[in-house]
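Here the structure comes first, spelled out in structure tokens, and everything after it is commentary.
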Amino acid sequence: MVNPAPITKFEIHDLNIWFDSTHAIKNVNMEIQSNQILSVIGPANSGKTTFLRTLNRLNDLNPSYKMTGLVEFQRVDVCSIDVETLRRDIGMVFALPLPLPLSIYENVAYGLRMHGEKNKKKMEEKVKDSLKQAYLWEEVKDRLDESAFKLSGGQQQRLCIARTLAVGPEVILFDEPCSGLDPISTAKVEDAMLKLKKDYTIVLVTNNVKQAARVGDKTAFFLSGELVEIDNTDKIFTAPNDTRTNDYIIGKFG
């Protein structure tokens, strides 16, 4: 059986970003396909997180931010989409888990309540489904009324993934989600990502090149605000087109 061709989720054309006089992203052109994991790698200050935050307009919160070019989500300019709607469709999981000072259950239900869900049964089903998708349900199903702060760091990160999933996004952005986690917790988050790509598009910014290689279908290498190259992960890690990509992957810099 032949797999259907992936659908383009994002198209980025001539993207340039400044913060005051700092040119953070320089003339980036690329596409991101649906139901794939795009790993974004590069050294510090390469523009990875700035690029990620452009996809759901989180950079808009910085008063010194200026952008030129075009970022299209499903062929619609993201700047023309209502921000609340955009960020519901394009959820984000940050480097440090940020659970709300609420119970485990209420953390996941929070977004549903914010979007007007009042049906208790539907909410319970969605909370359970989201915790299952985040591979956390079996660990918390008997303690849903406990404070989220009683969870371990890795569990808190998966709780944040569940909270993102509950509102029904199409895309999940991960900004170094395993940077503070132990190897076992990291493996659980990676396993969740690999399963989630069946239903979601995932963009992962990571400083761990081994993680990028483990989970990415495609990998993009950024350096000093430029997209050096983007290709299938196997090719990036075995036969990159640019020597700078190879130098970064083998640890010569970064």
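Residues I230 and L15 are members of one and the same hydrophobic cluster, defined by side-chain heavy-atom contacts under 4.5 angstrom among Ile, Leu, Val, Met, Phe, Trp and Tyr. When the side chains of ILVMFWY residues are joined at heavy-atom separations under 4.5 Å, either directly or via intervening members, F51 and L70 end up in two distinct hydrophobic clusters. Both V205 and I12 are assigned to one and the same hydrophobic cluster, defined by single-linkage of ILVMFWY side chains at heavy-atom distances under 4.5 Å. Under the 4.5 Å side-chain contact rule for hydrophobic residues, I161 and L144 do not share a cluster.
S34 places a side-chain N or O within donor-acceptor distance of the main-chain N or O of I7, the cut-off being under 3.5 Å. A donor-acceptor pair under 3.5 Å is formed between the side chain of T206 and the backbone N or O of N208. In this structure, the side chain of R158 engages the main chain of Y135 through a donor-acceptor pair within 3.5 Å. For the pair D191 (side chain) and A187 (backbone), a donor-acceptor distance under 3.5 Å is absent. A donor-acceptor contact shorter than 3.5 Å is absent between the side chain of T22 and the backbone of W18.
Within 6.0 Å of OH in Y110 there are 12 or fewer heavy atoms belonging to other residues, nucleotides or ligands. In the displayed structure, I184 atom CD1 is contacted under 6.0 Å by at most 12 heavy atoms of other residues, nucleotides or ligands.
Salt-bridge annotation for R57 and D60: present, with a side-chain N of the basic residue lying under 4.0 Å from a carboxylate O of the acidic one. A salt bridge is absent between E84 and R87; no separation between the charged side-chain nitrogens and carboxylate oxygens falls under 4.0 Å. No salt bridge links K9 with E31; every basic N to acidic carboxylate O contact stays at or beyond 4.0 Å. A salt bridge does not link R53 with D175: every distance from a Lys NZ or Arg NE/NH1/NH2 to an Asp or Glu carboxylate oxygen is 4.0 Å or more. No salt bridge links E117 with K122; every basic N to acidic carboxylate O contact stays at or beyond 4.0 Å. We find that E139 and K188 are joined by a salt bridge, their nearest charged nitrogen and carboxylate oxygen being less than 4.0 Å apart.
For E176 and N207, the side-chain atoms include at least one donor-acceptor pair closer than 3.5 Å. The closest side-chain donor-acceptor pair between Q36 and T201, if any, does not fall under 3.5 angstrom. Inspection of the D182 and S185 side chains reveals an N or O donor paired with an N or O acceptor under 3.5 Å. Checked by atom type, the side-chain pair T54/N59 shows a donor-acceptor distance below 3.5 Å. With no hydrogens or angles considered, no side-chain donor-acceptor pair links K252 and N246 at under 3.5 Å. Residues T85 and D82 have side chains that bring a donor and an acceptor to within less than 3.5 angstrom of each other. One side chain, S64 or N62, offers a donor N or O that lies under 3.5 Å from an acceptor on the other. Counting only N and O atoms by type, the side chains of T233 and T219 include a donor and acceptor under 3.5 Å apart.
Between D199 and Q133 the shortest heavy-atom distance is OD2-NE2, 4.2 Å. The two residues Q211 and C178 come nearest to each other via the heavy atoms NE2-SG, 3.3 Å. The two residues A192 and A134 have their closest heavy-atom pair at CB-O, 4.3 Å. Contact between V209 and I41 at its shortest, heavy atoms only, is CG1-CD1, 4.5 Å. The minimum heavy-atom distance linking C160 with P99 is given by the pair SG-N, 4.0 Å. Between M67 and C79, the shortest heavy-atom contact is CE-SG, 4.4 Å.
Test H23, K26, K66 against N16 for side-chain hydrogen bond (donor to acceptor under 3.5 Å, both in side chains) and you get one pass: H23.
Within the 4.5 Å cutoff, the side chain of I37 has no heavy atoms near those of the F174 side chain.
The distance from atom CG of D242 to atom OG1 of T245, rounded to the nearest 0.5 Å, is 4.5 Å. Distance CD1/I25 to CZ/F222: 5.0 Å, rounded to 0.5 Å. Here the CZ atom belonging to R163 is positioned 4.5 Å from the CG atom belonging to L100, to the nearest 0.5 angstrom.
The side chain to side chain contact (heavy atoms under 4.5 Å, CB included) check on S152 picks up Q155, with sequence neighbours excluded.
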